[in-house]
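These notes are about the structure you will find just below.
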Amino acid sequence: MAAGQSNQAVGAGSARSTRPLLIRGADLLTMDGTAGELPATDVLVQDGKIAAIGRRLSAAGAEVVEASGMILMPGMHDGHRHLWHAIDTGARVKTDPRNYAGYQKWKMAMMVAMTVEDHHLVALIGGLQAIDSGVTSIIDFPHAHYSLDRAEAAARGLQASGIGGWCAFQLGVSADWAVGDTISLRRADAGRLGRTTEAHWAIAQHLRDAVFSDRDAPLQLALSPISNPVQPMPDVRAAYDRARAMGVGMVDIHVHKPATPAPEGYLGHRGSGIRDFHDAGLLGPDFHISHGTQLDADELALMRDAGAMITSTAMGEIPYIAEGRGAPVFARARAAGVAAGIGVDVVLSLTQDYFEHIRTAYWSLFEEAESRKIAATYTSTDMLDFATALGARSLRLGDVTGSIALGKRADLVLLRTDRIGFAAGGSLADRVVNFAARQDVDSVWLGGVARKRHGRMLGVDWADMKARLAAAQARARRDAATVRFD
Ligand SMILES: [Zn+2]
């Protein structure tokens, strides 16, 4: 795709509620540049979209939510999450680095221990957990879906959660081992970072046609065209061209600078590979990457010019700093004009309280000289931007969600402020960025449809889900333990 194309959204539609919704008297944290923060203001939602913002609004037949003293903000965005990890959350945590070091082995054993039903369950739970925390759009990057039935079950689970954003499919994971096998680490790694085969393309096509055929739905298919980081550029180009020819609206990969440059003609020959993508004509407004902690100013400029997007996962990336692998790049990216957002990444290990991720992202800025300078110019609104308005742009949804503005989809989060510890002073952004927590999320609407009210998810029996997850987890762990690597 050519550089400079508009970052136009795909999948602008949503499940529609026919009855108007009037949220009355909330303090509005609009994250809309011109509107800013509006005390005690009403918001009217019609046909899933924000229809009016003002004082003393009324609408015949509207459901009225009295929200005086509460904070209404846009639904939040997460551009990089591995929801399938929910099968075993806590089994490896970053606060136990020696145990976490076994992450790839865990992954390779767990991916064959999980059943098709497990994939549906964890994707559904993962989507619901995100909504519960105030996150209304995500990019789910599932790197364990090595068969059509697994990929489809997970896609349908995520879709059933109702969350918006992108369900990515990684073209390249394979697993020719099974529960009870002893395999060489080399063979397992070759599967985890596998080459793309016709079988992968067939899965992608099936997902597009059978699961994501409605191009107006809030959740759309994204493709991850390469999973093996060391590939000849002609292969990379062929994979991106083919993915785009399928008509998907997003191509998304992990980007890490190779420890030693790849050979000439291979992706990662220069820097983190962005220049290789650029020279091959592969950057574009559908081009999204995660991490990229070592991107330099030239690489960021190439991304900006192409309208490309990036997500930093600060909590998970902070350990990279000690390893000399760079620091979270989101502030440098934003300063360079790139649509940059944040994300949770490793659901296996990290909290889903998204406010903690926003705070951690801020503090991570002090670990790198240029970011430290940028942080000195910030207000709390700049920080919240990564999770809301700019966060939406980093998911190619900037025209659809991310702020409370007329015509935007009504993806809204209503926060209680009455908990002791939730600050009463400061701007709304100051209070949310520094003091809000998941338990303050009173209500969440997606496209104007209530999914959480009075602190409880609607139509979700958490106790039942937890019991089903616990049973799946126990069985999958038992089976994963029988896979041995030598
Ligand atoms: Zn990741």
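Just so you know, ligand 1 is whichever comes first in the structure, and atom 1 is the first atom listed for that ligand. Computed from heavy atoms alone, side chains included, the values below leave out hydrogens, waters and symmetry copies.
Using bins of under 30°, 30° to 60° and over 60° for the plane-to-plane angle, the ring pair His256/His254 lands in the parallel bin.
Annotation: angle subtended at the Zn ion (ligand 1) by His82 NE2 and His80 NE2 is 100°, to 10°.
When the Zn ion (ligand 1) is compared with the N/O/S atoms of Asp345, atom OD1 turns out nearest.
Between the side chain of Asp411 and the backbone N or O of Gly447, at least one donor-acceptor pair lies under 3.5 Å.
Counting backbone and side-chain atoms alike, His143 contributes no N/O/S atom closer than 2.8 Å to the Zn ion (ligand 1). At a cut-off of 2.8 Å, His291 does not coordinate the Zn ion (ligand 1) through any N, O or S atom.
Inter-residue side-chain proximity for Tyr266 and Val236 is flagged as unmet; no heavy-atom pair is nearer than 4.5 Å.
A side-chain donor-acceptor contact under 3.5 Å links Trp106 and Asp88.
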